[in-house]
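Below is one structure, written out as structure tokens; the observations come after it.
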Amino acid sequence: MLEIKLVRENLERVKTAMENRGTAIDWNAFLKHDSRRKKVLSELEELRRQRNRVSDQVAEMKRNGENADSIIEKMRDVSTTIRGLEKELSEYEAAIDEMVMTIPNIPHDTVPVGKDETDNPVVNLVGEPPSFDHKPLPHWTIGEQLGILDFARAAKITGARFPLYLGAGAGLERALINFMLDLHTQEHGYREVLPPFIVNRHTMTGTGQLPKFEEDLFKLEGLDYFLIPTAEVPVTNIHQGEVIDASRLPIAYTTCTPCFRSEAGSYGKDTRGLIRQHQFNKVELVKFSRPETSYDELESLLDNAETVLNRLELPYRVITLCTGDIGFSAAKTYDIEVWMPSQDVYREISSCSNFEDFQARRANIRFKEKGKKGTRLVHTLNGSGLAVGRTLAALLENFQQPDGSVAIPKALQPYLGGLKRIESY
RNA sequence: GGAGAGGUGGCCGAGCGGCUGAAGGCCCCGCUCUCGAAAAGCGGUAUCCUGCCAAAAGUGGGAUCGUGGGUUCGAAUCCCACCCUCUCCGCCA
């Protein structure tokens, strides 16, 4: 959520930002509601002032044992008028609120202007795509041949876009999770958490998934609860409504949770394999930072995520999302894309964003400095460190061997009991 | 699921329908004392909206005591609904 004052006072800047994003906003309606709200508010406040004065008078008279009936009678009408204006005001406020809640964040100055993903500049290219004598197989074929992935049975159990890992596949997923969490907690200074996987509407609104993107979520029937689409939601909301002591900042959390996405509107895309699933595991990095240092924190968060790929010896590149491709709540986002040999492309495996105070305003997360007056909103950041299913897919594809087995990178071997390659079951 | 207790500022906690934006304490800030610190004393210290002002400062007004309704000239205080926390009982991995 943007600050309404900022919108009002920097309308041209906000307009430009929204144009760069390709987001259409009905500014006229916004301004109309805003000016009406102001008018009603000042009328209302004048009447309330009157009422407060008279109430004091009544109190005074009653204390002196005088009769106040005539004034009370007069105030009855004023009270009715106040009630009417209050109703009108709350209607304007609701309308404005609804609009403000659907306005996305303003991209940071360093975010390149562009219309879609084709305009995202590559900022870093790491590692060499492996060369193969044969045409590299897609990970789903490798996984099925090795007997470690079984999409047909998963479909039988639930439906399309669900995974079933077996044997060394399940072990590999678990090894990746442990490897990533150990790396972030032991070397990068994150504190491990394990949050609820189901959250309420208020929490979903705090991080920006609601009200605009309800169709992307799985909702529990009969309850106002949702399955989390990312750990960002419950972990950022850990400090919802809190005032954090400035000396504790920055706060860094890591977690691994399943993520549930309806993938509405993605019919026909990535229909095979682990790339686009309704349920997948993701290790997440979340930070709460002072505004002054949040962009440094973004760089280090990105570096922490990249370290996972470096240790796993996977080739990847980093791109900056342009204004037309950046997410609703983010002010700046880097995507890390891993090399997928079977498709001959880089695929997103991590998204690292600074939300500045956009989420903090919605979720009311502030900090206070000793000796200073008032509270300020924190900046929130998060990034995948990494999407586990996609990492597993990338491993299978990049480390596939001519004999059909898959080699295990050194960093991961201790997590698999020393296993050096996965062979057919 | 049943019974009870409770949600008040950065934190703890008091609060009779009107003199309570809210006692008292802690934290923090300033001053006094001190070579300095501690202790002690004095003073200050919530947030948001809005008018005046170019702006800051200042000053005027309004709102805010879990959330939303209601009663009333007037609600932290009374009534209703919901949310959350705690205790006991039941069930249960």
Side-chain angles (χ1 to χ4, degrees), chain A residues 1-10 30-31 33-101 194-206 210-211 219-220 222-226 234 237-249 251 288 290 357 360-378:
Chain A
M1 181 168 64
L2 296 177
E3 191 180 15
I4 187 156
K5 216 191 301 182
L6 179 131
V7 176
R8 200 187 294 135
E9 290 171 8
N10 302 280
F30 172 81
L31 293 170
H33 282 118
D34 190 47
S35 69
R36 280 192 189 154
R37 184 193 77 97
K38 258 187 156 172
K39 192 162 154 279
V40 172
L41 182 64
S42 62
E43 257 174 76
L44 178 62
E45 290 194 342
E46 179 53 35
L47 287 177
R48 290 211 268 225
R49 178 191 182 192
Q50 236 184 75
R51 185 182 68 184
N52 287 345
R53 287 207 173 155
V54 174
S55 287
D56 284 348
Q57 236 178 304
V58 171
E60 176 83 33
M61 290 171 85
K62 293 231 160 161
R63 244 173 288 135
N64 296 335
E66 298 170 35
N67 186 311
D69 288 356
S70 64
I71 319 186
I72 288 175
E73 188 54 46
K74 248 194 286 179
M75 287 318 287
R76 227 165 242 150
D77 289 343
V78 176
S79 258
T80 309
T81 314
I82 286 178
R83 227 160 291 171
L85 286 176
E86 277 174 346
K87 203 175 157 226
E88 202 179 330
L89 180 70
S90 74
E91 276 161 16
Y92 289 137
E93 283 184 336
I96 290 168
D97 226 48
E98 208 184 305
M99 297 193 72
V100 171
M101 291 299 263
L194 186 57
F197 304 157
I198 297 173
V199 301
N200 60 34
R201 179 173 293 273
H202 187 241
T203 291
M204 270 306 176
T205 307
L210 291 178
K219 186 172 189 304
L220 298 202
L223 290 168
D224 215 14
Y225 288 170
F226 302 84
N237 277 285
I238 286 175
H239 296 295
Q240 165 198 128
E242 293 185 11
V243 178
I244 300 167
D245 192 313
S247 66
R248 287 184 56 209
L249 296 175
I251 294 172
F288 301 83
R290 305 174 52 98
D357 62 13
R361 183 171 295 107
R362 289 178 163 233
N364 193 21
I365 308 170
R366 296 168 292 163
F367 72 100
K368 182 171 167 56
E369 271 171 289
K370 265 199 187 5
K372 286 208 180 154
K373 234 187 109 168
T375 57
R376 296 165 65 199
L377 294 167
V378 301

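Note that the structure is predicted; figures quoted are calculated from it, not measured. Here is how names work: the chains are called A, B, and so on, in the same order as the sequence lines, proteins then strands, and each is numbered from 1. Computed from heavy atoms alone, side chains included, the values below leave out hydrogens, waters and symmetry copies.
For the pair A:Arg49 and B:G62, the criterion of a side-chain N or O lying under 4.0 Å from OP1 or OP2 is not met. OP1 and OP2 of B:U47 both lie 4.0 Å or more from every side-chain N or O belonging to A:Arg366. Between B:G74 and A:Asn52, no contact under 4.0 Å exists linking OP1 or OP2 to a side-chain N or O. In this structure, A:Lys368 does not reach the B:C11 phosphate: none of its side-chain N or O atoms is under 4.0 Å from OP1 or OP2.
Applying the Watson-Crick and G-U wobble criteria (two distances, each under 3.5 Å), B:C19 pairs with nothing in any strand. Both distances falling under 3.5 Å, in either a Watson-Crick or a G-U wobble arrangement, occur for no nucleotide opposite B:U45. Under the Watson-Crick or G-U wobble criterion, with both distances below 3.5 Å, B:G58 is paired with B:C52. Figure legend. B:A93 is base-paired to no nucleotide; pairs are counted as Watson-Crick or G-U wobble with both atom distances under 3.5 Å. Pairing partner, B:A75: none, since no Watson-Crick or wobble contact has both distances short of 3.5 Å. Pair assignment for B:G6 gives B:C84, based on Watson-Crick or G-U wobble hydrogen-bonding distances that are each under 3.5 Å. Under the Watson-Crick or G-U wobble criterion, with both distances below 3.5 Å, B:A38 is left unpaired in every strand shown.
Side chain of A:Arg83, nearest nucleotide from B:G62, B:U71, B:C49: B:U71. In this structure, of B:G62, B:U50, B:C73, it is B:U50 that holds the atom nearest to the side chain of A:Lys5. For A:Lys38, the side-chain atoms get nearest to B:G51 when compared with the rest of B:C73, B:C19, B:G51.
B:G61 and B:U67 have their C1' atoms separated by 27 Å, given to the nearest Å. As rounded to the nearest Å, B:A38 and B:C84 have C1' atoms that lie 43 Å from one another. B:A76 and B:C16 have their C1' atoms separated by 13 Å, given to the nearest Å. B:U47 and B:A22: their C1' atoms are spaced 14 Å apart (whole Å). Atom name P, nucleotides B:C31 and B:A37: the rounded distance is 10 Å, in whole Å. B:G21 and B:A46 are spaced 15 Å apart, taking the P atom of each and rounding to whole Å.
Within the nucleic acid shown, A:Asn200 has no heavy atom closer than 4.0 Å to any nucleic acid atom. At a threshold of 4.0 angstrom between heavy atoms, the contacts of A:Lys74 with the nucleic acid are absent. Across all strands shown, A:Arg8 has heavy atoms under 4.0 Å from sugar-phosphate atoms exclusively, and none from any base. Within 4.0 Å (heavy atoms only), A:Val54 reaches no atom of the nucleic acid at all. Backbone-only engagement by A:Ser79 is indicated by non-hydrogen atom pairs under 4.0 Å involving sugar-phosphate atoms exclusively. Across all strands, A:Tyr225 comes closer than 4.0 Å only to sugar-phosphate atoms, never to a base (heavy-atom distances). Across all strands, A:Arg51 comes closer than 4.0 Å only to sugar-phosphate atoms, never to a base (heavy-atom distances). Nucleic acid contact for A:Leu41: sugar-phosphate only, since backbone atoms but no base atoms lie under 4.0 Å from a heavy atom of the residue. Using a 4.0 Å heavy-atom criterion, one finds that A:Arg37 contacts the sugar-phosphate atoms exclusively.
With rounding to whole Å, A:Arg76 atom CZ is found 8 Å from B:U72 atom P. In this structure, the CZ atom of A:Arg53 is 9 Å from the C1' atom of B:G61, given to the nearest Å. The separation between A:Met61 atom CE and B:C19 atom P is 16 Å, rounded to whole Å.
For the 3.5 Å distance criterion, the side chains of A:His202 and A:Gln240 qualify, holding a donor opposite an acceptor.
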Residues A:Arg49, A:Glu46; criterion salt bridge (Lys or Arg N to Asp or Glu O under 4.0 Å); working and verdict: CA-CA 5 Å; A:Arg49 178 191 182 192; A:Glu46 179 53 35; 3.7 Å; yes
Full working for salt bridge (Lys or Arg N to Asp or Glu O under 4.0 Å) between A:Asp34 and A:Arg8: CA-CA 9 Å; A:Asp34 190 47; A:Arg8 200 187 294 135; 2.7 Å; yes
Derivation of the side-chain contact (heavy atoms from CB on, under 4.5 Å) call for A:Asp224 and A:Asn200: CA-CA 6 Å; A:Asp224 215 14; A:Asn200 60 34; over 6 Å; no
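Checked for salt-bridge contact, A:Glu60 and A:Arg63 meet the test: a charged N lies under 4.0 Å from a carboxylate O. Between A:Arg376 and A:Asp357, none of the side-chain N atoms (NZ, or NE/NH1/NH2) sits under 4.0 Å from a carboxylate O, so this pair counts as no salt bridge. A salt bridge is defined here as a Lys NZ or Arg NE, NH1 or NH2 lying under 4.0 Å from an Asp or Glu carboxylate O, and A:Arg366 with A:Glu242 fails to meet this definition. Using a cutoff of 4.0 Å between basic side-chain nitrogens and carboxylate oxygens, A:Arg37 and A:Glu88 are not scored as salt-bridged.
When each of A:Ser42 and A:Glu60 is assigned the nucleotide of RNA chain B bearing its nearest heavy atom, the one mapping closer to the 5' terminus is A:Glu60. For the pair A:Glu3 and A:Gln50, both in contact range of RNA chain B, the more 5′-proximal nearest nucleotide belongs to A:Glu3.
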